[in-house]
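Everything below concerns the one structure shown next.
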Amino acid sequence: MTEVRTPLVGIVMGSRNDWSVMSEAKAILDAFDVPCEARVLSAHRTPDEALAWSAGAAERGLKVLIAGAGGAAHLPGVLAAKTLLPVFGVPIDATALQGMDALLAIVQMPKGIPVGTLAVGKAGAANAALLAVAVLALSDPALGARLAAWRETRKREVLGQTLD
């Protein structure tokens with residue numbers, strides 16, 4: 001029988017199309033054995049559901065939210081407005097502006113409603129998950145050790161490269 005664990009991280013995106021980017025966050029969390037949930041919720045098409053999901057996130061056991069959004073990219077800010085949990089925003093390259101519109105929308109949050117904004121695309125999704133792991137590691141030494149080992153492996157990969 002498989003043990004069902006309470007998700008610690010919520011991954012949300014405005015459209016199923018965003019999964020090609022946001023799946024990078026899930027892959028990182030899976031690699032660290034951090035339970036998560038992933039949902040499609042739109043700030044514009046399902047605002048009531050997005051607000052309710054965010055408002056109840058802490059009560060459901062979530063510790064960090066990761067929100068991917070393209071275009072107007074309001075989802076991360078809408079979620080942050082309804083929770084005290086850390087929210088990391090991932091701009092998605094979904095328009096002719098190649099994600100710059102989403103980046104500017106997410107990074108320009110009003111004072112008092114912070115969203116930690118990452119890079120556009122897959123690197124941003126992966127780094128959002130790594131930040132979530134770092135936040136969780138503050139109260140989980142074993143997870144902190146896994147994060148340190150992961151980073152050491154990345155270091156060795158770089159140092160092992162040659163230019164022959």
Side-chain angles (χ1 to χ4, degrees), residues 3-14 18-41 43 50-51 53-70 73-93 99-100 102-161:
E3 174 191 358
V4 177
R5 298 183 301 153
T6 301
L8 299 176
V9 178
I11 302 171
V12 185
M13 63 220 78
D18 300 338
W19 186 240
S20 63
V21 170
M22 298 306 292
S23 62
E24 293 290 320
K26 180 152 184 358
I28 292 288
L29 295 170
D30 287 349
F32 281 95
D33 196 31
V34 171
C36 64
E37 64 182 43
R39 298 275 316 262
V40 174
L41 292 168
L51 290 167
W53 182 86
S54 182
E59 184 176 292
R60 291 190 315 279
L62 295 177
K63 305 292 183 201
V64 179
L65 306 182
I66 299 172
H74 292 134
L75 184 60
V78 165
L79 299 178
K82 291 299 284 186
T83 185
L84 296 178
L85 296 175
V87 177
F88 299 128
V90 179
I92 306 287
D93 177 1
M100 288 304 297
L103 174 64
L104 293 173
I106 296 170
V107 80
Q108 289 295 334
M109 289 301 299
K111 181 179 178 180
I113 308 296
V115 171
T117 308
L118 284 299
V120 175
K122 291 181 178 185
N127 279 338
L130 288 166
L131 277 172
V133 169
V135 167
L136 296 171
L138 292 171
S139 60
D140 183 343
L143 182 58
R146 292 196 307 273
L147 179 57
W150 187 90
R151 290 185 66 166
E152 181 64 25
T153 299
R154 304 294 82 72
K155 172 185 167 183
R156 289 175 192 234
E157 288 171 355
V158 170
L159 293 175
Q161 294 176 7

Min side-chain heavy-atom separation T117-M109 under 4.5 Å:
no

Rounded distance [0.5 Å steps], OG in S23 versus CD1 in I11:
9.0 Å

Separation between CD of E152 and CG of L147, rounded to the nearest 0.5 Å:
12.0 Å

Contact summary for D18 and M13, nearest pair of heavy atoms
CB-CB, 3.7 Å

Hey, is the main chain of A50 close enough, under 3.5 Å, to the side chain of S54 for a donor-acceptor pair?
no

Of all heavy-atom pairs between P35 and R5, which one has the smallest distance, and what is that distance?
CD-NH2, 3.7 Å

W150 six-ring face occupied by R154 cation (under 6.0 Å, within 45°):
yes

To the nearest 0.5 angstrom, please state how far the CG atom of L29 sits from the CD1 atom of I66.
5.0 Å

Could you pull out all residues at least two apart from R39 that satisfy salt bridge (charged side-chain N to carboxylate O under 4.0 Å, His left out)?
none

Closest non-hydrogen atom pair between G89 and I106, with its separation:
CA-CG2, 4.1 Å

dist R60:CZ -> L8:CG (nearest 0.5 Å) comes out at 12.5 Å

Check whether any side-chain heavy atom of M22 sits under 4.5 Å from a side-chain heavy atom of V40, and report yes or no.
no

For the student: nearest non-hydrogen atoms of A69 and A102, plus distance:
O-CB, 3.5 Å

Heavy-atom pair of closest approach, residues L65 and W53
CD2-CH2, 3.5 Å

Which heavy atom of L79 sits nearest a heavy atom of V87, and at what distance?
C-CG2, 4.5 Å

Show me the side-chain donor-acceptor pairs of residues 118-143 shorter than 3.5 Å, one per line, residues at least two apart or across chains.
unit_1: S139; atom_1: OG; unit_2: L136; atom_2: O; d: 3.4
unit_1: D140; atom_1: OD1; unit_2: A142; atom_2: N; d: 3.2
unit_1: D140; atom_1: OD1; unit_2: L143; atom_2: N; d: 3.1

